[in-house]
Colleague: 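For reference, the structure I am asking about is given below.
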Amino acid sequence: KNQVEQSPQSLIILEGKNCTLQCNYTVSPFSNLRWYKQDTGRGPVSLTIMTFSENTKSNGRYTATLDADTKQSSLHITASQLSDSASYICVVSDRGSTLGRLYFGRGTQLTVWP
Amino acid sequence: EADIYQTPRYLVIGTGKKITLECSQTMGHDKMYWYQQDPGMELHLIHYSYGVNSTEKGDLSSESTVSRIRTEHFPLTLESARPSHTSQYLCASSDTTNRDRGTLAKNIQYFGAGTRLSVL
């Protein structure tokens, strides 16, 4: 069964600290993996997207890593800011259909305190 | 910044009412999607469209219906709302036809802000 599991479910950190969010998946055949940021009451916004041949990709203070062998990804946030408080969703796409079906994780709810 | 708009943002209605959730995008994207998301849960695809006059049901069974008469417009309709329909509905679009964009870029979906529906 194709699944995407994220951990932790929620995380609280102090402003300025770093944190790492985890994503494990069983989706096959694998096409690409994306991380989205979803602010409360808003739609998700894409942060990074990686194929199996990419190990790491950065977007400002966000750095995503991918290990296609172990089917794991992480999202590292550096020098957190209050505006980083949001849900971070891991999404994996398969190659089994023309649509490129997406499998969504439940997200990690990050709260940054001042 | 994605140009995809959903209205209304919030809707509280009584059981049995007919409602239509609007979704419009000004980017000329060919594919559009509707997702349902409950608090703390993952997004579930309920409808999608490859283009005008093309609509398909998604992974999650839904009593809603959709139409795609124009490229930019993808409304979702519930003929008779029930409390079980209470949820957040997210619309998204993607551009898979632009030859100037790489394969990965074509797969990125742009989301609207969502409609939070409460059926009493």
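So you know, we letter chains A, B, ... as the sequences are listed, proteins then strands, and number each from 1.
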Colleague: Does any backbone or side-chain atom of A:Gln38 lie under 4.5 Å from a heavy atom of chain B? Answer side chain, backbone, both or neither.
Modeller: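 Looking at A:Gln38, just its side chain touches chain B.
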Colleague: Check B:Lys31 with B:Asp95, please: is the shortest side-chain N to carboxylate O separation under 4.0 Å?
Modeller: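 Judged by the 4.0 Å cut-off on N to carboxylate O distance, B:Asp95 and B:Lys31 do not form a salt bridge.
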Colleague: Determine whether the aromatic ring centres of A:Tyr36 and B:Phe111 lie less than 6.0 Å apart.
Modeller: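 Yes.
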Colleague: Could you pull out all residues at least two apart from B:Ser64 that satisfy side chain to side chain donor-acceptor pair (under 3.5 Å)?
Modeller: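 Partners of B:Ser64 by the side chain to side chain donor-acceptor pair (under 3.5 Å) criterion, ordered by chain and then number, come out as B:His47, B:Ser62.
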Colleague: Taking the hydrophobic residues Ile, Leu, Val, Met, Phe, Trp and Tyr, and joining any pair whose side-chain heavy atoms are under 4.5 Å apart, which ones share a cluster with B:Leu120?
Modeller: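 Listed partners: B:Val12.
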Colleague: Please find the pair of heavy atoms, one from B:Lys18 and one from B:Thr77, that lie closest to each other, and give the distance.
Modeller: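 Closest heavy-atom pair between B:Lys18 and B:Thr77: CE-CG2, 3.8 Å.
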Colleague: Anything in residues 103-114 of chain A with a heavy-atom distance to chain B below 4.5 Å? Please list those residues in order.
Modeller: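 So the qualifying residues are A:Phe104, A:Gly105, A:Arg106.
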Colleague: Would you please go through residues 34-42 of chain B and name the residues with a non-hydrogen atom below 4.5 Å from one of chain A, in numerical order?
Modeller: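 The stretch touches chain A at B:Tyr35, B:Gln37, B:Gly40, B:Met41, B:Glu42.
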Colleague: Without swapping roles, check the side chain of A:Arg61 against the backbone of A:Thr78 for a donor-acceptor pair under 3.5 Å.
Modeller: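 Yes.
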Colleague: So which heavy atom on B:Ser94 is nearest to which on B:Asp30, and how close?
Modeller: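 What the structure gives for the nearest pair is O-OD1, 3.0 Å.
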Colleague: Identify which part of B:Leu43 has an atom lying under 4.5 Å from any heavy atom of chain A, answering side chain, backbone, both or neither.
Modeller: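 Backbone plus side chain of B:Leu43, per the 4.5 Å heavy-atom cut-off to chain A.
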Colleague: Verify whether the ring centers belonging to B:His29 and B:Tyr110 lie closer than 6.0 Å.
Modeller: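 Ring centres of B:Tyr110 and B:His29 closer than 6.0 Å.
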